[in-house]
4 protein chains.
Amino acid sequence: MTMIDASLVSQENDARSAELKRDYEALGEQLDRRGIAIEEIKNKVAAYGVAIPSWGVGTGGTRFARFPGKGEPRHIFDKLEDCAVIQQLTRATPRVSLHIPWDKADPASLKDKAASLGLGFDAMNSNTFQDQDNQSHSYKFGSLTHTDAATRRQAIDHNLECIEIGKAIGSEALTIWIGDGANFPGQTHFIRQFERYLESTKTIYSALPDDWKLFTEHKIFEPAFYSTVVQDWGTNYLIAQELGDKAYCLVDLGHHAPNVNIEMIVARLIQFGKLGGFHFNDSKYGDDDLDTGSIDPYRLFLVFNELVDAETRNVSGFDPAHMLDQSHNVTDPIESLMISAMEVQRAYAQAFLVDRQALEGHQESNDALMATTTLKRAFRTDVEPILAMARAEKNGAIDPVSAYRTSGYRAAVAKTRPEVSGAGGGIV
Amino acid sequence: MTMIDASLVSQENDARSAELKRDYEALGEQLDRRGIAIEEIKNKVAAYGVAIPSWGVGTGGTRFARFPGKGEPRHIFDKLEDCAVIQQLTRATPRVSLHIPWDKADPASLKDKAASLGLGFDAMNSNTFQDQDNQSHSYKFGSLTHTDAATRRQAIDHNLECIEIGKAIGSEALTIWIGDGANFPGQTHFIRQFERYLESTKTIYSALPDDWKLFTEHKIFEPAFYSTVVQDWGTNYLIAQELGDKAYCLVDLGHHAPNVNIEMIVARLIQFGKLGGFHFNDSKYGDDDLDTGSIDPYRLFLVFNELVDAETRNVSGFDPAHMLDQSHNVTDPIESLMISAMEVQRAYAQAFLVDRQALEGHQESNDALMATTTLKRAFRTDVEPILAMARAEKNGAIDPVSAYRTSGYRAAVAKTRPEVSGAGGGIV
Amino acid sequence: MTMIDASLVSQENDARSAELKRDYEALGEQLDRRGIAIEEIKNKVAAYGVAIPSWGVGTGGTRFARFPGKGEPRHIFDKLEDCAVIQQLTRATPRVSLHIPWDKADPASLKDKAASLGLGFDAMNSNTFQDQDNQSHSYKFGSLTHTDAATRRQAIDHNLECIEIGKAIGSEALTIWIGDGANFPGQTHFIRQFERYLESTKTIYSALPDDWKLFTEHKIFEPAFYSTVVQDWGTNYLIAQELGDKAYCLVDLGHHAPNVNIEMIVARLIQFGKLGGFHFNDSKYGDDDLDTGSIDPYRLFLVFNELVDAETRNVSGFDPAHMLDQSHNVTDPIESLMISAMEVQRAYAQAFLVDRQALEGHQESNDALMATTTLKRAFRTDVEPILAMARAEKNGAIDPVSAYRTSGYRAAVAKTRPEVSGAGGGIV
Amino acid sequence: MTMIDASLVSQENDARSAELKRDYEALGEQLDRRGIAIEEIKNKVAAYGVAIPSWGVGTGGTRFARFPGKGEPRHIFDKLEDCAVIQQLTRATPRVSLHIPWDKADPASLKDKAASLGLGFDAMNSNTFQDQDNQSHSYKFGSLTHTDAATRRQAIDHNLECIEIGKAIGSEALTIWIGDGANFPGQTHFIRQFERYLESTKTIYSALPDDWKLFTEHKIFEPAFYSTVVQDWGTNYLIAQELGDKAYCLVDLGHHAPNVNIEMIVARLIQFGKLGGFHFNDSKYGDDDLDTGSIDPYRLFLVFNELVDAETRNVSGFDPAHMLDQSHNVTDPIESLMISAMEVQRAYAQAFLVDRQALEGHQESNDALMATTTLKRAFRTDVEPILAMARAEKNGAIDPVSAYRTSGYRAAVAKTRPEVSGAGGGIV
């Protein structure tokens with residue numbers, strides 16, 4: 001079952017295939033001169049997938065306001081359909097990552113719906129940064145690190161429930177991100193708070209199926225504004241080390257201090273066997289959750305340069321999870337997610353164009369100029385024909401945004417999905 | 001009318017007055033040796049006031065969640081009562097700043113209520129960063145700078161309405177802060193967008209009463225995450241200059257890029273006659289809206305060092321507005337605002353302890369060490385006895401938090417103010 | 001006269017011209033489909049020039065150490081020869097910017113030497129951030145803003161001398177960057193210090209020839225680490241405004257606070273007629289002075305997007321100066337400057353590929369996704385064939401680094417230029 | 001032997017002792033009411049010492065210039081004398097930390113000289129970030145991580161030599177800070193570079209005497225501007241863990257990314273037994289190396305809050321080294337180091353005023369306001385009388401700067417120490 005009429009996609013592609021073929025051949029010829037077989041790059045791209053977070057298909061917002069669009073998904077089943085559109089047109093997003101309790105539903109129904117749409121499930125995400133109705137203990141002052149044991153237990157139990165749901169739907173990982181921290185110096189005792197964190201996560205870890213992974217995610221600030229419990233990769237690494245072999249660090253590109261060299265953090269985690277995966281997005285100021293590659297595409301490329309380096313070296317155990325995690329405040333989320341998935345593919349493809357043998361030679365001889373030029377040459381190659389050809393050959397759209405707009409999907413779903421009020425609280 | 005029984009405050013003070021007297025005298029003796037008359041400082045403190053933003057008395061939140069406390073104010077009249085508690089106990093917050101439409105109500109009722117509580121009204125705040133129910137045009141893509149003229153007109157009209165309400169209740173200033181900007185490179189044309197900003201604000205400015213001031217506020221990011229129209233004091237200055245003599249720049253301490261020297265910006269605006277006033281708060285990462293002085297009290301002192309320098313030099317036209325602007329996510333807002341008002345007073349008092357003649361001498365002779373030591377000496381003086389004495393003499397509380405907690409005010413209002421659900425949207 | 005044998009360049013080009021022709025044609029065909037005439041872009045590129053700072057051809061360093069290379073230029077005449085190599089091979093750097101007193105020499109000799117090398121002179125740079133031997137007054141505590149009038153006068157006189165030298169050699173601009181500021185709160189009085197700055201620069205301005213421009217440069221920190229007198233574009237704008245019509249703001253890409261949106265500053269200065277020009281480089285942390293485009297090439301493109309937008313709109317008086325300003329610590333400066341000049345050209349060429357009519361449409365209709373995609377499409381186009389063709393047609397090198405290395409220029413000059421010791425002071 | 005006439009110090013103190021006594025008693029009475037015995041705090045302060053880096057007594061500089069003062073120390077023996085002045089007047093700096101090769105001299109002479117001045121030796125510092133004359137291999141492209149084995153060996157050998165010197169003079173620790181990193185993406189292979197780092201430091205570690213500690217120091221940037229090998233505490237922790245029980249992390253307060261919560265890093269390292277010690281200084285923008293506590297004294301207090309918390313809890317193995325590490329560009333280094341040593345003592349004393357039992361109670365009950373107020377109350381207490389009394393009782397100066405200036409020490413040594421030229425290289 002496809003959400004968008006396959007013939008519409010075909011028509012869209014037909015109008016573009018001649019030009020695509022020409023550009024693909026011209027690029028192929030150029031790459032051939034550089035000793036690169038374009039087909040191999042295309043196959044890599046075709047085999048690549050990045051997961052969609054279920055919450056990403058809804059319009060995001062800030063503490064000041066949220067401005068919903070038309071046809072906002074009402075529930076996880078609507079969200080899965082939106083995800084299916086993204087996958088149909090880009091062929092780059094085969095899995096969806098659920099967030100509990102937002103996406104809580106009968107596991108069998110979830111599985112059926114996803115299967116019918118050709119989608120699988122990625123990591124499970126727990127939520128202990130908000131209070132839910134009828135919740136016994138508030139997370140106002142923390143969840144897994146709360147000073148009150150009952151509150152911690154509630155947060156632990158919620159994570160255990162996420163594992164159970166995940167097992168039922170075929171997920172193989174749990175991602176833990178918490179908002180715990182402090183807004184004031186002295187509000188919490190750093191060491192005791194982190195001890196509680198480790199104790200709580202150890203309990204969760206002990207319930208993890210053997211073939212699962214546990215991802216913990218660090219973030220320098222927000223929602224806590226003086227300190228966060230898992231503030232950086234250093235603390236994240238300590239956690240993974242304390243918990244055990246199934247515990248890994250998740251890197252969200254927007255969760256770092258200003259100026260930090262993220263690609264080096266990626267390299268460190270690869271080296272020490274603890275790179276769990278990514279939440280891709282882009283940012284200019286903080287955890288802006290902007291579209292991946294929209295602000296600093298070269299930084300994205302440099303991250304993928306590390307990943308492809310590890311892949312090429314066949315680093316043992318190297319198998320990071322890839323997911324988008326963005327807040328779409330001013331665009332149609334489906335469009336942003338399609339573009340972002342392709343940006344990730346683009347960086348992946350470009351990283352394969354790096355002449356790694358030459359690079360290593362320049363590194364060994366300290367030829368900084370030629371080393372960096374080797375990366376730049378790969379980066380500035382326009383690999384769009386490769387991405388488009390990979391999509392076309394898998395019945396995706398050569399131009400996904402055009403196909404999507406032509407399809408009228410958003411207007412169509414807006415007929416059955418009621419308008420959402422642009423509620424804005426008094427949160428300033 | 002006092003919100004808290006005056007006799008309770010008296011009792012609280014009686015238990016503390018002997019010790020206060022002793023500390024005040026010891027400090028007075030010490031200051032006397034330094035050539036400072038403690039009474040003069042106390043009088044300065046006693047005459048000082050910082051405005052409370054009406055929205056500050058409600059529990060704040062983040063895009064992830066809001067965790068309301070007990071007895072949240074339901075409307076502006078509740079908020080005014082909370083503000084009256086702060087003023088009663090601290091005697092440092094005589095005015096309240098309203099936010100429209102959140103605080104919209106019959107002006108006469110507002111005035112009566114405030115008068116009965118001994119409060120006045122500070123600057124009016126317009127809101128075009130959220131959509132209100134039944135609003136014709138959405139601000140999703142901007143308000144005063146929107147590409148659509150009708151949307152801009154709606155935002156202008158809203159500001160004109162704010163002026164009208166302000167006139168009716170005795171306000172004398174309008175503060176404009178907008179969320180307009182962009183989340184993507186290319187989303188807006190910087191120059192055309194700013195031209196629209198100037199055109200819109202000129203229209204508002206032209207409706208300003210002769211004795212009013214217009215405050216515009218800059219902010220580097222949030223809710224827009226790639227660019228904001230009024231991103232820094234440079235743009236803010238251009239605005240004030242373009243609009244005219246009644247237009248001034250408002251400085252919110254949390255709205256700057258990392259590492260920026262805020263006290264120097266204050267000095268520049270003083271020098272060029274465009275310092276309108278302040279939104280006080282503190283921050284560690286971004287616009288964290290933490291309690292004033294809670295993260296970097298020396299920075300607050302350095303800002304007041306500039307203000308007291310200008311006051312001492314009798315700079316012509318120097319009369320900045322002072323307001324707190326914080327988000328109280330994990331504390332009782334009344335307590336945070338009381339503490340914050342006192343922190344502002346503390347910085348003000350300490351700045352008066354600077355030996356300005358000696359400082360100028362050190363500056364002229366480039367004795368950097370003694371110059372900075374002169375500031376430090378003032379800063380490290382514990383002026384708490386001065387603040388407490390000023391409060392006590394005006395029938396405020398020597399220890400406002402203790403008096404407040406003893407009074408049981410929060411529990412009392414919680415009986416009539418219904419519990420608010422800790423709603424958290426799917427905004428991630 | 002050419003520094004490198006023209007036949008060597010020809011041979012190098014001959015080996016590459018067939019492939020270049022093929023790539024150029026393929027790109028031309030692709031651009032033609034997008035409605036762009038590749039020849040026009042090539043002509044723009046061919047007509048473009050960016051100035052080389054004379055000090056850029058020497059190896060740079062940090063406060064910790066400097067590691068000179070072989071064949072370091074001994075004086076301005078050696079430097080001019082190195083600059084001539086860059087211009088010969090890239091045809092993108094027709095002018096050299098002198099720094100006084102480092103480059104002080106007989107003006108006639110300077111002019112003759114430059115003329116013989118086919119070079120012209122760009123803006124003059126004064127130096128009051130260092131003490132020179134036999135200097136009467138030290139700049140330890142400031143130069144143009146020093147509290148001592150005689151020291152200020154000395155700094156003013158030095159700038160007047162720079163103007164005189166510039167007049168003699170055909171320069172038409174003076175760039176003032178000073179290290180004045182403070183390392184301690186209180187060390188200087190912000191307002192009095194800036195008053196002295198304005199007084200000093202007004203004196204210099206009054207001596208400026210009618211057809212000259214005065215560029216002032218802002219910088220957030222270093223060498224002063226608490227405050228700098230011209231800390232940001234806001235202060236820089238005030239200066240240009242106070243001085244007069246010939247005064248403009250210079251933007252160095254590395255002189256801003258973290259996260260600041262530089263392209264918007266460029267737009268503001270364009271809008272208010274005060275954009276004087278650029279010091280191009282790249283940075284990750286501070287004023288790193290890295291090679292232009294080496295860290296964030298998209299940011300460079302976004303700056304040029306503003307410049308080409310203004311050029312396309314024929315903004316009155318728009319004529320910014322372009323200069324590289326980098327510190328080459330680990331590369332051969334000639335190679336880095338060639339690559340950097342081409343990176344600037346690349347951004348310039350890419351900015352011309354932006355479909356500005358479509359962009360404006362997307363901006364007007366708030367189609368953020370298509371607006372940013374319009375920019376991205378231009379950015380990801382590999383314009384290398386255009387740059388190479390422009391070089392080849394002007395007898396530059398298709399691959400300048402290859403031609404340079406083949407020429408053996410560095411080894412040749414190392415024979416006559418003595419080795420420099422890697423002096424490192426005890427500055428930590 | 002004292003550098004400054006003891007009778008001069010006595011006279012200075014005599015003029016101040018009456019007032020000091022009065023202030024000390026008033027403070028003692030106030031602290032007594034808070035349940036704190038002032039004598040205990042004074043004893044803590046009196047027992048506290050922070051090391052002086054030998055290079056700190058010379059005037060520092062930037063890559064732009066250095067402006068030496070009068071009477072600059074010529075060699076380590078002059079430096080030791082300057083350090084002795086600091087210790088004599090403050091009684092807070094009993095040890096000196098040497099830097100090799102800058103301070104290389106006959107060990108016996110060093111020991112004798114130090115002993116005669118009442119000084120001991122702190123950690124040894126190696127230098128592989130500069131090239132020395134007659135050095136076989138350059139560190140331009142790295143030292144302990146260089147791709148060339150012979151260069152690494154040279155750097156290792158240098159560190160081994162530092163250990164030997166240290167053993168001879170009674171040091172018990174080696175501090176390794178290197179400038180290795182990269183200025184360009186791709187210049188180095190992150191993983192291979194770090195593998196070389198670990199291999200080199202393991203060789204050094206294996207030569208460490210049993211009772212020594214090895215301190216490694218992280219730094220986010222400078223002199224490398226794209227990446228540094230030991231960029232943050234995460235990498236630093238990995239090193240300490242890989243090396244063994246004698247390896248610890250050194251925290252320099254100025255070596256972090258903007259906005260980073262340093263006190264939490266301190267807490268993490270305490271918790272995991274790897275806090276080696278500190279290089280104290282202050283900063284506003286980068287590694288500004290400003291005087292400790294001069295920019296953000298509350299941050300310094302918060303660091304000491306963690307240290308005193310650990311000390312109070314008798315954390316096993318907790319024994320961090322304390323050293324100042326600053327660059328004195330515009331002050332007399334002796335004065336800055338005296339003031340800085342006292343600022344460190346001040347933070348230490350204030351941290352002891354924290355009511356830790358009350359604090360823990362507020363933390364447990366999530367009373368954020370009272371928790372932070374508990375810290376603030378300690379911080380705002382003016383402990384100057386405690387510090388001064390501790391100094392006076394140990395024959396130090398009540399007002400060290402006054403005593404120093406009165407002594408005419410600088411002018412006296414300037415007679416025998418030749419003037420140094422304010423050399424400034426062409427490093428821009």
Side-chain angles (χ1 to χ4, degrees), chain B residues 19 22-23 25-27 29-30 33 257-261 282-286 288 290-291 293-302 328-336 338-340 342-343 346 350 366-373 375-377 379-385 399 401-402 405, chain D residues 19 22-23 25-27 29-30 33 257-261 282-286 288 290-291 293-302 328-336 338-340 342-343 346 350 366-373 375-377 379-385 399 401-402 405:
Chain B
E19 290 188 359
R22 203 175 323 169
D23 289 341
E25 284 171 357
L27 177 59
E29 192 269 340
Q30 194 198 94
R33 273 185 261 141
N259 301 346
V260 159
N261 186 318
D282 213 334
S283 59
K284 187 157 180 63
Y285 304 101
D288 308 330
L290 299 178
D291 287 13
S294 65
I295 299 296
D296 188 350
Y298 193 50
R299 180 168 54 187
L300 182 67
F301 166 81
L302 291 175
H328 311 106
N329 301 356
V330 296
T331 55
D332 182 323
I334 289 176
E335 295 187 2
S336 269
M338 291 194 301
I339 292 282
S340 300
M342 295 187 284
E343 284 300 303
R346 189 184 316 280
Q350 288 169 328
N366 294 300
D367 189 343
L369 188 112
M370 284 310 298
T372 209
T373 297
L375 293 187
K376 275 300 206 50
R377 193 186 189 195
F379 174 70
R380 72 171 185 246
T381 307
D382 187 355
V383 298
E384 184 61 29
D399 184 336
V401 171
S402 171
R405 291 190 174 190
Chain D
E19 291 188 358
R22 204 175 324 168
D23 290 341
E25 283 171 0
L27 177 59
E29 192 269 340
Q30 193 197 94
R33 274 186 260 140
N259 301 345
V260 159
N261 186 319
D282 212 335
S283 59
K284 186 156 181 64
Y285 304 101
D288 308 330
L290 299 179
D291 286 13
S294 66
I295 300 296
D296 188 350
Y298 193 49
R299 179 167 55 186
L300 182 68
F301 166 80
L302 292 174
H328 311 105
N329 302 355
V330 296
T331 55
D332 182 324
I334 289 176
E335 296 187 1
S336 270
M338 291 195 301
I339 293 282
S340 299
M342 295 187 284
E343 284 301 301
R346 190 184 317 282
Q350 288 169 327
N366 294 301
D367 189 343
L369 188 112
M370 284 311 298
T372 209
T373 298
L375 293 187
K376 274 299 205 51
R377 192 185 190 197
F379 174 70
R380 74 171 184 246
T381 306
D382 186 356
V383 297
E384 183 62 28
D399 184 336
V401 171
S402 171
R405 292 191 172 189

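The chains referred to below are lettered A, B, ... by the order of the sequence lines, with proteins before strands, and numbering in each begins at 1.
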(Q) For the CG atom of Leu300(B) and the OG atom of Ser294(B), what is their distance to the nearest 0.5 Å? (A)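 The distance works out to 10.0 Å.
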
Distance check, rounded to the nearest 0.5 Å: Arg377(B) atom CZ versus Asp382(D) atom CG?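 So the CZ of Arg377(B) and the CG of Asp382(D) are separated by 9.5 Å.
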
_Pro297(D) vs Arg346(D) side-chain heavy atoms within contact, under 4.5 Å_ =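 No, their side chains stay 4.5 Å or more apart.
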
ask   = Heavy atoms, side chains only, cut-off 4.5 Å: are Asp291(B) and His328(B) in contact?
value =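 Touching, per the 4.5 Å side-chain cut-off.
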
Contact class of [X] relative to chain D, heavy atoms under 4.5 angstrom:
X	answer
Lys284(B)	both
Ser336(B)	both
Val260(B)	backbone
Leu369(B)	both
Arg299(B)	neither
Thr373(B)	side chain
Arg22(B)	side chain
Asp367(B)	side chain
Ile295(B)	backbone

Practice problem: Run the numbers on Val401(D) and Ile339(D) for side chain to side chain contact (heavy atoms under 4.5 Å, CB included), then give the verdict. | Solution: CA-CA 8 Å; Val401(D) 171; Ile339(D) 293 282; 3.8 Å; yes

Check: Who among Asn366(B), Asn261(B), Asp332(B) has the most heavy-atom pairs with chain D under 4.5 Å?
Finding: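 Looking at each option in turn, the highest pair count goes to Asn261(B).
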
Exercise. Apply ring-ring contact (aromatic ring centres under 6.0 Å, His included) to Phe301(D) and list each qualifying residue two or more places apart in sequence or on a separate chain.
Key: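 Applying ring-ring contact (aromatic ring centres under 6.0 Å, His included) to Phe301(D) gives Tyr298(D), Phe379(D).
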
Give the member of Met370(D), Glu335(D), Glu343(D) that has the highest number of heavy-atom pairs under 4.5 Å with chain B.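 The candidate making the most pairs under 4.5 Å is Glu335(D).
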
If the condition is salt bridge (Lys or Arg N to Asp or Glu O under 4.0 Å), which residues does Glu19(B) pass it with, not counting sequence neighbours?
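Glu19(B) satisfies salt bridge (Lys or Arg N to Asp or Glu O under 4.0 Å) with Arg33(D) only.
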
Enclosure of Arg405(B) CZ (heavy-atom neighbours >12, cutoff 6.0 Å):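 Check passes, neighbour count above 12.
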
